[in-house]
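Each remark here refers to the structure printed beneath this line.
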Amino acid sequence: MDRNDVINILDEYDAEVGISTLVDRSLVTVDKNNKLGMHDLLRDMGREIVREKYPKEPEGRSRLWLQKEVLEVLQKHIGTKAIEGLTLKLTRTGTICLKTEAFKEMKKLRLLQLAGVQLGGDFEYISKDLRWLYWHGFPLKYMPSNFSQTSLVSIELESSSLKLVWKEPKFLERLKILNLSHSQHLTQTPNFSYLPNLEKLLLNDCPRLTAISETIEHLKYILLINLEDCTSLHNLPRSFYKLKSLKTLIISGCSMIDKLEEDLDQMESLITLIADKTAITQVPFSIVRSKSIGYVSLCGYEGFSRDVFPSLIWSWMSPTNNFSSQVETCMDLELVSSDVGKLRSLQVECNSDFQLAEGIARILDTLYATYYNELEATPTTSQVSNMGSSSIISICNQFQMNGLVKSLLIEVGVKNQVSNILRERVFQKLSTNEHDNYLLPGDNYPDWLTFNSDGASIIFNVPHGNGRDLKTMTMCIVYSSSTDTISLKCLKNVLIINYTKSTIQVYKCDTLACLEDDEWQSIISSLEPGDRVEIVIVVYGTEFVVKKTSVYLIYGEPNNEEMENSHVKGDRDAIDMPEDKNVITFGKAKNRFRGPLALASVLVSPLFWIGVTGFLIWKHCLSDKRRRHGCIKFSNYEKTFPFLL
């Protein structure tokens with residue numbers, strides 16, 4: 001038996017200390033599954049010690065285990081208070097019927113194990129000190145009301161005929177184990193509020209069990225629930241997810257259960273979740289937020305959570321999956337095809353900044369854990385696949401003394417003449433850069449706006465455009481690697497984090513090139529004016545370093561109505577840029593300095609000529625090199641220069 005179960009049943013004998021002593025003396029073993037074991041010779045020696053006390057009077061012994069002697073005591077009703085443990089196991093073909101009166105004198109009976117036995121009569125004769133009741137094939141539909149069970153620690157009624165455990169609820173404060181497995185006629189679970197200290201609930205293979213009582217939330221100390229092969233069980237009640245002490249949940253083979261609730265993460269002690277061979281098609285995202293789950297068998301995935309969770313996340317990354325961490329959402333959990341032409345993506349919507357931060361951390365940790373395992377398993381020596389001229393992902397290489405500097409352009413949106421011009425300018429700039437000066441094209445108002453940042457992430461605010469719609473977002477990644485690592489294998493994912501809307505979008509880097517029209521439009525449309533957005537490039541590899549990340553927002557032509565409004569309201573900015581250290585503000589000042597008319601307006605400006613005069617005076621003073629006490633002496637210009645400034 002399980003070591004912990006034995007300790008609970010024999011607790012009054014200080015069993016934990018006793019078992020530890022026996023283990024230390026190598027008289028008892030405990031295997032990797034926590035099962036107790038004893039050598040046959042030691043077992044026989046112990047039985048012989050008990051038998052020797054009353055060799056011809058079995059009723060005087062503390063334990064009875066030989067079938068012949070047990071039948072003699074029960075059939076002759078010669079039991080005594082010396083008997084503490086009794087076992088009688090018969091085959092189904094050899095089932096016999098005995099009287100409960102045979103137990104009348106067994107006042108100290110604590111352990112009772114029966115199989116293939118029927119008892120008739122008044123169950124009040126059964127000892128009130130009984131702690132362990134094992135009755136395989138229990139023949140009654142209900143537990144007898146006059147059967148005293150207040151001392152019971154373990155009730156094991158496998159393959160019983162029970163329909164309902166208790167017709168009237170019994171308050172069993174000491175009960176810790178309830179095993180009703182293989183009870184083919186069981187239709188209801190008991191009222192769990194009467195079993196406050198239950199630790200193990202075994203209901204596997206109860207095919208007519210249709211529901212779990214809502215009172216299950218009262219099980220504050222429950223550790224194990226096994227509902228395997230309960231084929232008529234539809235779903236778990238919401239109160240089920242309030243079991244904060246539960247460590248192991250088994251619902252495999254429950255073919256009617258089709259979902260797990262988002263509340264799963266409230267089961268903060270859950271370590272093992274076995275849910276294979278079910279109808280589950282909705283796996284809550286909260287499962288990967290759980291900090292306790294260590295082993296999972298779910299939707300064809302089985303293993304330790306550190307191995308299963310990344311696979312689950314990849315399975316979610318399909319164009320049809322768009323789910324929220326705060327509401328119930330339908331998800332398609334079919335395995336993602338190996339066809340690299342299909343987009344794999346994940347979108348998470350959060351309801352708080354804290355949840356957003358937690359989601360970002362969890363996703364990044366999971367992704368890096370996945371890539372670490374891949375890096376350990378396979379070397380990163382694959383070469384770049386050939387890409388046509390129409391590919392949305394383009395590469396520019398630049399050799400330097402310390403390695404190979406490359407740039408990667410990822411375009412999301414409409415591919416037009418402006419995007420082609422931008423691409424050419426990026427590659428031209430990089431090809432002429434020297435050393436570590438990774439200069440990229442700046443703003444080209446009104447066609448595109450630029451945001452730059454060192455490293456693999458960039459934060460910017462989406463500007464307001466009057467009459468111009470955002471058409472394309474181009475990401476330029478400048479990175480360095482050794483000449484042997486000319487591959488995109490280290491470039492893994494792109495995360496688009498919208499802090500204003502509390503959303504996270506994850507896209508595989510090598511599949512962004514295959515976006516359909518409706519897919520890239522959903523990305524562009526999610527970037528609304530005023531949104532604060534961060535783009536994170538997920539890379540993995542020690543020889544791969546992202547030097548700089550730039551984002552170009554390419555705008556389309558203004559519509560006629562907006563153009564008229566902009567002419568009427570000439571004092572309004574063409575594009576209002578929010579304050580940001582990486583953002584340059586464009587407006588009417590930039591519009592003014594355009595063409596010959598703008599040049600003329602500069603030349604006639606008095607401020608312009610005052611500045612020129614001040615500059616010439618200052619230059620003349622410096623050329624004279626006349627200093628007094630370390631300061632420049634202006635002589636005749638002392639009064640004029642400050643006034644001009």
Set of ring pair (Phe, Tyr, Trp, His ring centres under 6.0 Å) partners for [X], sequence neighbours left out:
X: Trp135; result: Phe138
X: Tyr125; result: none
X: Tyr194; result: none

> Glu214: what forms a salt bridge (Lys or Arg N to Asp or Glu O under 4.0 Å) with it, not counting sequence neighbours?
Replying inline: none
> Hey, mind stepping through Phe147 and Leu140 against side-chain contact (heavy atoms from CB on, under 4.5 Å) and telling me if it holds?
Replying inline: CA-CA 13 Å; Phe147 178 20; Leu140 304 179; over 6 Å; no
So which heavy atom on [X] is nearest to which on [Y], and how close?
X: Asp353; Y: Ser502; result: OD1-OG, 4.0 Å
X: Ser252; Y: Thr278; result: CA-CG2, 4.4 Å
X: Arg532; Y: Thr500; result: N-OG1, 2.8 Å
X: Pro139; Y: Ser161; result: O-CB, 3.7 Å

> Step by step, would you call Leu133 with Leu157 a side-chain contact (heavy atoms from CB on, under 4.5 Å)?
Replying inline: CA-CA 8 Å; Leu133 174 61; Leu157 306 177; 4.3 Å; yes
By side-chain hydrogen bond (donor to acceptor under 3.5 Å, both in side chains) - contacts of [X] (at least two apart):
X: Trp132; result: Glu156
X: Glu105; result: none
X: Gln113; result: Thr87

>> Let's go through Asp205 and Ser181 carefully: what are the C-alpha distance in whole Å and the side-chain angles of both, what is the deciding distance for side-chain hydrogen bond (donor to acceptor under 3.5 Å, both in side chains) to 0.1 Å, and is it a yes or a no?
In response: CA-CA 6 Å; Asp205 190 25; Ser181 300; over 6 Å; no
> Can you list every salt bridge (charged side-chain N to carboxylate O under 4.0 Å, His left out) pair that touches residues 495-507, not counting sequence neighbours?
Replying inline: Lys501-Glu528, Lys501-Asp531
> Step by step, would you call Ile126 with Ser148 a side-chain contact (heavy atoms from CB on, under 4.5 Å)?
Replying inline: CA-CA 7 Å; Ile126 306 296; Ser148 178; over 6 Å; no
Check whether the side chains of [X] and [Y] place a donor and an acceptor atom closer than 3.5 Å, and report yes or no.
X: Thr231; Y: Ser255; value: no
X: Glu158; Y: Asn179; value: yes
X: Ser127; Y: Asp129; value: no

Is there a side-chain contact between [X] and [Y] in this structure, where contact means two heavy atoms from C-beta onward sitting under 4.5 Å apart?
X: Leu260; Y: Ile251; result: yes
X: Gln67; Y: Leu88; result: yes
X: Glu69; Y: Arg61; result: yes
X: Thr189; Y: Ile216; result: no
X: Ile177; Y: Val153; result: no
X: Leu227; Y: Leu236; result: yes

> Nearest 0.5 Å, what's the NE2-CG distance between His218 and Asn191?
Replying inline: 7.0 Å
> Could you state the interatomic distance from CZ (Arg110) to CG (Leu86), rounded to the nearest 0.5 Å?
Replying inline: 14.0 Å
Please list, chain by chain and in numerical order, all residues satisfying side chain to side chain contact (heavy atoms under 4.5 Å, CB included) with [X], sequence neighbours excluded.
X: Lys76; value: Glu72, Ile78
X: Asp2; value: Asn4, Asp5, Asn34, Lys35, Lys200
X: Lys163; value: Lys141, His185

>> Going by side chain to side chain contact (heavy atoms under 4.5 Å, CB included), Leu180 matches just one of Leu203, Leu209, Leu201. Which one?
In response: Leu203
> Could you walk me through whether Leu198 and Leu172 pass the side-chain contact (heavy atoms from CB on, under 4.5 Å) check?
Replying inline: CA-CA 9 Å; Leu198 194 66; Leu172 304 181; over 6 Å; no
In a table with atom names and distances, give each donor-acceptor pair under 3.5 Å that connects a side chain of residues 264-272 to protein atoms at least two apart or in another chain.
from: Asp265; atom 1: OD2; to: Arg289; atom 2: NH2; distance (Å): 3.0
from: Ser269; atom 1: OG; to: Lys244; atom 2: O; distance (Å): 2.6

